[in-house]
Undergrad: 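Just passing along the structure, written as structure tokens.
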Protein chains: 2
Amino acid sequence: MDYDRQCMSDRIRSVLTARIFDGTLKAGDRLVELEIAREFDTSQTPVREAFRELESLRLVDCVPYRGTRVREISEREMVEAYTVRGALEQLAAELAAPLLQGDVTEIRQSLGLIHAAAREGDIEAYARHNMDFHRAIVVASDNEVLIHSWERLAFEARVRLHLRRHNEPNLSLRALEHDPVVDALEIGDGKTAGRLLREHAESCKHRWCERVRDADSQTDTNSPDVQQMNASCLS
Amino acid sequence: MDYDRQCMSDRIRSVLTARIFDGTLKAGDRLVELEIAREFDTSQTPVREAFRELESLRLVDCVPYRGTRVREISEREMVEAYTVRGALEQLAAELAAPLLQGDVTEIRQSLGLIHAAAREGDIEAYARHNMDFHRAIVVASDNEVLIHSWERLAFEARVRLHLRRHNEPNLSLRALEHDPVVDALEIGDGKTAGRLLREHAESCKHRWCERVRDADSQTDTNSPDVQQMNASCLS
DNA sequence: TGGCGAAATATTATCGATAATATTTCATCG
DNA sequence: CGATGAAATATTATCGATAATATTTCGCCA
């Protein structure tokens, strides 16, 4: 049997997800069912199903009889997500440390790629490898529910949003925060690794807040709205 | 405008959710689209949309061209969920404590109802008020992302499953674990409240594990499969 | 008797059309 | 002019039917 079978609705969902992640679809953009149906040369039905899934991933908002739009990610939600992420990754590190038994080769490999991307100033690559790094730790916890909860934060979108906000002045400096985490995991010290990861999340959050404040004060007179800000970030 | 508008698919979703929670639909049960469509006197389309939402709530499993079933909740997943729940509620307490400013009236009210239900041996009421208690703390964190992550654990189903596993020998004793949490919150000690909540989740997890072990050793010869176990628990 | 494969059956995935609802346009009136 | 509301338009929600796929039944043969 063909288990890789893909329904039309699944294809549509992945394409739309990718577009939201890569910024082709910006926060607030309207998604019209028949338009997308035409694009995929299909009927309305699979498009609607795709929308429902995107909605439960919190990537879009559906309002009955009024349509579907790419969800705004408010500054507040961003901060909240960092907080939750910190707690989940702390737990992940604590669970992962005894399971890894000192074998952090995979995680250290991601770390190497992070540093390389930082040196070259490649923001896209940095974001990707950064996600891989954090995901590797979460997956190492071997707790499916935790992995699922973490994935649902859809941090990928948020990380890219974050890095594009302004050109990160010092990507390499930021990358260095990851090193002691791996060192702690290697010697099986989950508590320390967890604490460091949580602090890392907090420091990312604070950097984000500072930037938003800076950006707001610059454009204070004519554009104080978060909605606009997010739209431009994702583009 | 009528913002309470309910689509057919939403109605179907809520009814099916309720049936899964209250045990009318048991783990493993098949859900046939046209059967449900007939029952609600509607077409297949809204039923399918409802299924998609239930799937993203992890209440059912959909396999392309093979149908939809109520999801099994394995023993392992149960344990994993307790672990994640502990971490999320710990964070919630830490965030909530400074915001509550000593006002724990609502939380203490839930606690009273928990004790009352425990005294009367009313398992349904205990489960309900227990959820209200924990939710009240999570909501008090005022972190939407955290609240959402916690709700998604769909702990309601799991708590009922847990309590019905066998008649809880001492509901009142168990209820007492909640009291020091509220005391800590009242004096603004979020760290302690959080630690206690996490320990509470751990102790629930361990009680659960012991029971599963007991039940397994009893029926060891003819029914060692978790699948069957969960099915009967939900009934 | 038991395994194999083709028809029969059951069910899901998708379609094209229509009903229900929201939004826009625009003529009318004060 | 600006407000108002009815028609026109756009879009979503649902329908009934069909195509695609999986499962079952059952006759056939070794």
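Chain identifiers are assigned alphabetically (A, B, ...) following the order of the sequence lines, protein sequences preceding nucleic acid strands; residue numbering begins at 1 within each chain.
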Undergrad: List the residues meeting salt bridge (charged side-chain N to carboxylate O under 4.0 Å, His left out) with A:D142, not counting sequence neighbours, and say none if there are none.
TA: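 For A:D142 the salt bridge (charged side-chain N to carboxylate O under 4.0 Å, His left out) partners, ignoring immediate neighbours, are B:R76.
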Undergrad: Rounded to whole Å, please give me the gap between CZ in B:R11 and C1' in D:dA13.
TA: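 Roughly 13 Å, once rounded to whole Å.
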Undergrad: Over how many whole Å does the gap from B:F51 atom CZ to C:dA13 atom C1' extend?
TA: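 To the nearest whole Å, that distance equals 13 Å.
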Undergrad: Do NZ/NE/NH1/NH2 and the carboxylate oxygens of A:E55 and B:R13 come within less than 4.0 Å?
TA: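 No, A:E55 and B:R13 are not salt-bridged.
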Undergrad: Report the distance from atom CZ of B:F40 to atom P of D:dA13, rounded to the nearest whole Å.
TA: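 Rounding to the nearest Å, CZ of B:F40 and P of D:dA13 are 18 Å apart.
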Undergrad: Using whole Å, report how far CG of B:D61 lies from C1' of C:dT12.
TA: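 That distance rounds to 16 Å.
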Undergrad: Using a cut-off of 4.0 Å between protein heavy atoms and nucleotide atoms, how would you tag nucleotides 5-11 of chain C 5' to 3' with B, S and -?
TA: ------S
Undergrad: To the nearest Å, how far apart are B:I12 CD1 and D:dA13 C1'?
TA: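 About 12 Å, once rounded to whole Å.
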Undergrad: Please state how far atom CD in A:E55 lies from atom P in D:dA13, giving the value in whole angstrom units.
TA: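 About 10 Å, once rounded to whole Å.
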Undergrad: I'd like to know if A:Q44 reaches the base of D:dA13 with its side chain, counting only an N/O donor and acceptor under 3.5 Å.
TA: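 Result: at least one qualifying N/O pair found.
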Undergrad: Not counting sequence neighbours, which residues clear side-chain contact (heavy atoms from CB on, under 4.5 Å) with B:E151? List them please.
TA: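 Expected list: B:R135, B:I147.
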Undergrad: Using distance only, find each side-chain donor-acceptor pair of residues 43-51 of chain B under 3.5 Å and give its atom names and separation, not counting sequence neighbours.
TA:
| from | atom 1 | to | atom 2 | distance (Å) |
| --- | --- | --- | --- | --- |
| B:Q44 | NE2 | B:E33 | OE1 | 2.6 |
| B:R48 | NE | A:E49 | OE2 | 2.7 |
| B:R48 | NH1 | B:E33 | OE2 | 3.0 |
| B:R48 | NH2 | A:E49 | OE1 | 3.1 |
| B:R48 | NH2 | A:E49 | OE2 | 3.2 |
| B:E49 | OE1 | A:R48 | NH2 | 3.1 |
| B:E49 | OE1 | A:R52 | NH2 | 3.3 |
| B:E49 | OE2 | A:R48 | NE | 2.7 |
| B:E49 | OE2 | A:R48 | NH2 | 3.2 |

Undergrad: For B:D61, check salt bridge (charged side-chain N to carboxylate O under 4.0 Å, His left out) against everything at least two apart and list the hits.
TA: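 Applying salt bridge (charged side-chain N to carboxylate O under 4.0 Å, His left out) to B:D61 gives none.
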Undergrad: In whole angstrom, give the distance that lies between atom CG of A:D10 and atom P of C:dT14.
TA: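 Computing the A:D10:CG to C:dT14:P distance gives 8 Å.
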Undergrad: Can you name the residues that form a salt bridge (charged side-chain N to carboxylate O under 4.0 Å, His left out) with A:E144, not counting sequence neighbours?
TA: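 With sequence neighbours excluded, A:E144 shows a salt bridge (charged side-chain N to carboxylate O under 4.0 Å, His left out) to no residue whatsoever.
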Undergrad: A:R69 has an atom CZ; how far is it from atom P of C:dT23, in whole Å?
TA: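 Spelled out: CZ on A:R69 to P on C:dT23 is 10 Å.
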